[in-house]
Structures are given as structure tokens and as C-alpha cells.
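A short write-up of the structure that comes next.
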Amino acid sequence: MKKEIWGFYPPPLGGISIYCKRLAEKMHELDSSIVLRNFASSSSDKVYVENVHNRIWQFVSLLFARKRLIHSQFTNIYMLLLLYIFGWRHPLVMTLHNRRLVLLDGWKRKVVNGLFKRARYIVYNDSSYTAALREKYNFDTDKVVILPTYISPSKDECKGLTPDIEAFCDRFTYTISANAYLLVKNVFGDVYGLEQIIELMNRLVNKDRMDVGLVFCIADASDTTYLEECRAKIHALNLDEHFLFVLESDVNGFEVWARTNLFLRPTMSDMEGVSVKEALEFGTPVVASDVCVRPREAVLYKKADVDDLYEKVVGVLCSGKRVEYNPEISVPQALKRIYDSF
């Protein structure tokens, strides 16, 4: 049976696409027949990537295609709907990359519930999430596999930072990095915590007079409305020179985190945060919200509590310590065992 990962090969840049890229590379090394079916608008020339040129037809063709194992990386409900309608003949593994599924109601909830019942395995990284999912959906917990959605960067990925990032980091005694796939507000609030970061920088720079700059990487800057609101707040606080926004760049995030003194993950909702583990693996301390399971090496603060965030950040910056971290499990080998069970 053909085995396929269905997801995105970067660009677009973001935690899920980076995970898909690294997973496809490693799985191909273990079994050259495994491919990534790439639904991104851009194409890849990698031998193990099969680019999708017509998304809807790709799903429709499942009705008469030879049976295959599909390992879904989708978070978009409409992609999941198409998989539900047209993919019923094919064995399914689902990896969950965020907690948005617990927010769904109506037909969207029915679609996900149907996929959960059909899936042979449901993979995510946080055992505490099981109760929330079970409360929302009715599925057999024997299907659940707790497995990190993280694979270490390879040396081949390193390409160096752009001159503007290097120059910005050189200007300050301390530098902090953070990121977002897409700046957005929803029922969780300011999902990636940029407003918390602005208040934090106001205290560090304007009150404590610390010489600190912050690099904020945004993978998708297509919606600039909220970003401009945040830029206005930054300007009003005279912090323009202390912020560098890196928008839709192909710069490697992990090289930015490695260059700075501290990485922040002030998210209001999360499943894991690939960037957290990237930063730790390159020795950069991490301060992150307590919204999900984090590596024990990360310093956690109470979600949305800027006072707690401030205290933790000052403590880490003043200590000047780097960290040592090793990923806890070999993800590709674990998934290969799941694939081989079909």
C-alpha cells in the first residue's frame, strides 16, 4: 500500500510546513516509497514530494484511486471536509497541530467527529488534551498516540542570517526573538501574544532602561490590519527602534532564535510550538506560556499575565545562561512503526 503524508512543503513558512518538510525527508530516508503530497501553492523539486496542482481534484480522485495510507497534517476545516467526503476508502492517520478543533460546532464538529471515528490513529503531543477532545468528540482513546510534532533541523538547512537581522542584534546588549504564523485575534484572544510583548518591552526599555531589542518573525503577513494597530502602539511608546519585524522571509527561524539571548512563546493557545524546541536545541533559553505541555527546560509563566512574564524574562536575561536540550524521542522511527502496522 502506498503511504503518503498530506500537508504542505514550505513555503509557506510556519511550524506545520517545517514539520512536514523534515518529516518527509526523514521518512524518505527510512522508506523511499513514502512521499509528501504537497498542497502548498508553491512547488518543490524534491523526489519525495508530489506537488498538487488542483486541490479539489486531488480529493475527488480518491474515490477511484488505488487504496493508500493517508497521514493528514491538515488544520483547515474545509480540507478536512474534502477528506471526509472523498477519502472514506483509504486508511487514515491524523496528526493534530493545534487546539482549534475543540472550538468547532455544527457541521464542522460532525465532520471532525466522523474523521476521528474513521481514523486508525490520532497523533498529538499533549496527553492532557485527551480529556478536552473526548468531551467534544466521541472516539476510541485506544487510537490516540502521544508523540511530539518536532524533528530537529538538519545542518543542510543552515544558510545564515540576513544583514539587517545581524545588524539589529549587534546593536543591543540583549536580544529577544518571537514569532507568529499569522497575527490573529479569536476566542483565545491575541493568539501569539504580541500585545503582551509590547507591554513587556515597554517595561524593559522605558521603565528599566534595559538595552534590549526584539526580533518578531511573521510567516504570513497578508492581513496587516492588526499588525498596523500593534505598530501604532509601539510607536506611541517610542519603541520603534527596539522592534524588528521580519515579514514573510525565507530566513530560518531557528537561526534567528539561536542568535538571540531569549526566545518568547507567549501564545494564548498552543499544541507544542516547534520554535520552542528549536530555540532550546540551539541553546537559547525560552520563556513560554503555560497553555500546554512544554519541555522541562522552558521557563513557564501564567498565560496572559504580563507581570509574571516580565519577572521570568528579567530573571532569564540577567542570568545569562544558555540551556542544554535533547529531543525526547525519534519521531520518524515511531511513525514508521505506525505506517508498517497497516
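- Counting only distance, with no hydrogens or angles, the side chain of S42 and the backbone of P11 share a donor-acceptor pair below 3.5 Å.
- Side chains of V112 and I77 form a contact here, defined as non-hydrogen atoms less than 4.5 Å apart.
- Note: K21 NZ to S44 OG = 9.0 Å, rounded to the nearest 0.5 Å.
- Between the side chain of N252 and the main chain of F254, no donor-acceptor pair closer than 3.5 Å is present.
- L300 and L262 end up in different hydrophobic clusters when Ile, Leu, Val, Met, Phe, Trp and Tyr side chains are linked at under 4.5 Å.
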Item to complete: Check the pair D208 / Y310 against side-chain hydrogen bond (donor to acceptor under 3.5 Å, both in side chains), numbers first and verdict last.
Response: CA-CA 11 Å; D208 295 346; Y310 167 78; 2.3 Å; yes

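- Listed for the N261 side chain is no donor-acceptor partner under 3.5 Å among the backbone atoms of G320.
- Side chain of E255 to main chain of L161: no donor-acceptor pair is present (N/O by atom type, distance under 3.5 Å, no hydrogens or angles).
- Classification of the F39-F59 ring pair by plane angle, with boundaries at 30° and 60°, yields tilted.
- Note: F263 and W257 have tilted aromatic rings, judged against thresholds of 30 and 60 degrees for the angle between ring planes.
- The backbone N or O of S43 sits nowhere less than 3.5 Å from a side-chain atom of N38 that would complete a donor-acceptor pair.
- Taking 4.5 Å as the limit, every side-chain heavy atom of L309 sits out of range of all side-chain heavy atoms of E199.
- With a 4.5 Å cut-off on side-chain heavy atoms, F243 and I198 count as touching.
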Item to complete: Would you sort out whether E166 and R259 count as a salt bridge (charged side-chain N to carboxylate O under 4.0 Å, His left out), showing the intermediate values?
Response: CA-CA 8 Å; E166 288 283 6; R259 180 66 174 81; 2.9 Å; yes

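- Side-chain N or O atoms of D308 include one that pairs as donor or acceptor with a backbone N or O of K302 at under 3.5 Å.
- Summarising the geometry, atom CG belonging to L62 is positioned 11.0 Å from atom CH2 belonging to W88; distances are rounded to the nearest 0.5 Å.
- For the residue pair D126 and S128, a side-chain donor N or O sits within less than 3.5 Å of a side-chain acceptor on the partner.
- For residues 68-91, the set of pairs meeting the salt bridge (charged side-chain N to carboxylate O under 4.0 Å, His left out) definition, not counting sequence neighbours, comprises E4-R68.
- The aromatic rings of F116 and Y137 lie perpendicular to each other, with more than 60° between the two planes, well past the 30° mark.
- Ring orientation note: the planes of F172 and H242 are tilted relative to one another, at an angle of 30° to 60°.
- Exactly one residue among F342, Y339, Y121 makes a ring pair (Phe, Tyr, Trp, His ring centres under 6.0 Å) with H71. That residue is Y339.
- Using modelled atom types, no side-chain atom of R265 and backbone atom of V276 make a donor-acceptor pair closer than 3.5 Å.
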Worksheet item: side-chain hydrogen bond (donor to acceptor under 3.5 Å, both in side chains) between D164 and T162: does it pass, once the steps are laid out?
Response: CA-CA 6 Å; D164 60 328; T162 55; 2.4 Å; yes

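- Contacts of S61 classified as side chain to side chain contact (heavy atoms under 4.5 Å, CB included), with partners at least two apart in sequence or in another chain: W57, Q58, F64.
- A tilted orientation is assigned to the rings of Y48 and H28, their planes being inclined by 30° to 60°.
- The closest donor-acceptor contact from the side chain of N125 to the backbone of M271 lies under 3.5 Å.
- Cluster membership for I5 and L335, using ILVMFWY side-chain heavy atoms within less than 4.5 angstrom, is shared.
- Put simply, the side chain of H90 never gets that close to the backbone of I70: no donor and acceptor are under 3.5 Å apart.
- Sorted by first and then second residue, the salt bridge (charged side-chain N to carboxylate O under 4.0 Å, His left out) pairs involving residues 105-118 (not counting sequence neighbours) are D105-K136.
- Applying the salt bridge (charged side-chain N to carboxylate O under 4.0 Å, His left out) test to E281 and every residue at least two apart in sequence or in another chain returns nothing.
- Between the side chains of Y226 and D190, at least one donor N or O lies within less than 3.5 Å of an accepting N or O.
- Among residues two or more places apart in sequence or in another chain, the side-chain hydrogen bond (donor to acceptor under 3.5 Å, both in side chains) test is passed with Y301 by Q196.
- Transitive grouping of hydrophobic side chains (ILVMFWY, heavy atoms separated by less than 4.5 Å) brings I85 and F74 into a common cluster.
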Worksheet item: Would R294 and S289 satisfy side-chain hydrogen bond (donor to acceptor under 3.5 Å, both in side chains), going step by step from the backbone distance to the final call?
Response: CA-CA 9 Å; R294 308 282 196 189; S289 58; 3.2 Å; yes

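- Side-chain contact between R22 and V274 is present, with heavy atoms from C-beta onward closer than 4.5 Å.
- At a threshold of 4.0 Å, the pair E25-K46 does not count as salt-bridged, since none of the basic side-chain nitrogens sits closer than that to a carboxylate oxygen.
- No chain of hydrophobic side-chain contacts below 4.5 Å, direct or via other Ile, Leu, Val, Met, Phe, Trp or Tyr residues, connects V291 to Y129.
- In this structure the side chain of V313 reaches within 4.5 angstrom of the side chain of I176, judged on heavy atoms.
- Side-chain atoms of N206 come within 3.5 Å of backbone atoms of L237 as a donor-acceptor pair (strictly under, hydrogens ignored).
- The salt bridge (charged side-chain N to carboxylate O under 4.0 Å, His left out) analysis of residues 314-326, with sequence neighbours excluded, yields no pairs.
- In this structure, V314 is not a member of the same hydrophobic cluster as V286, with clusters built from ILVMFWY side-chain heavy atoms closer than 4.5 Å.
- The residues K2 and E50 are annotated as salt-bridged, a charged nitrogen and a carboxylate oxygen being separated by less than 4.0 angstrom.
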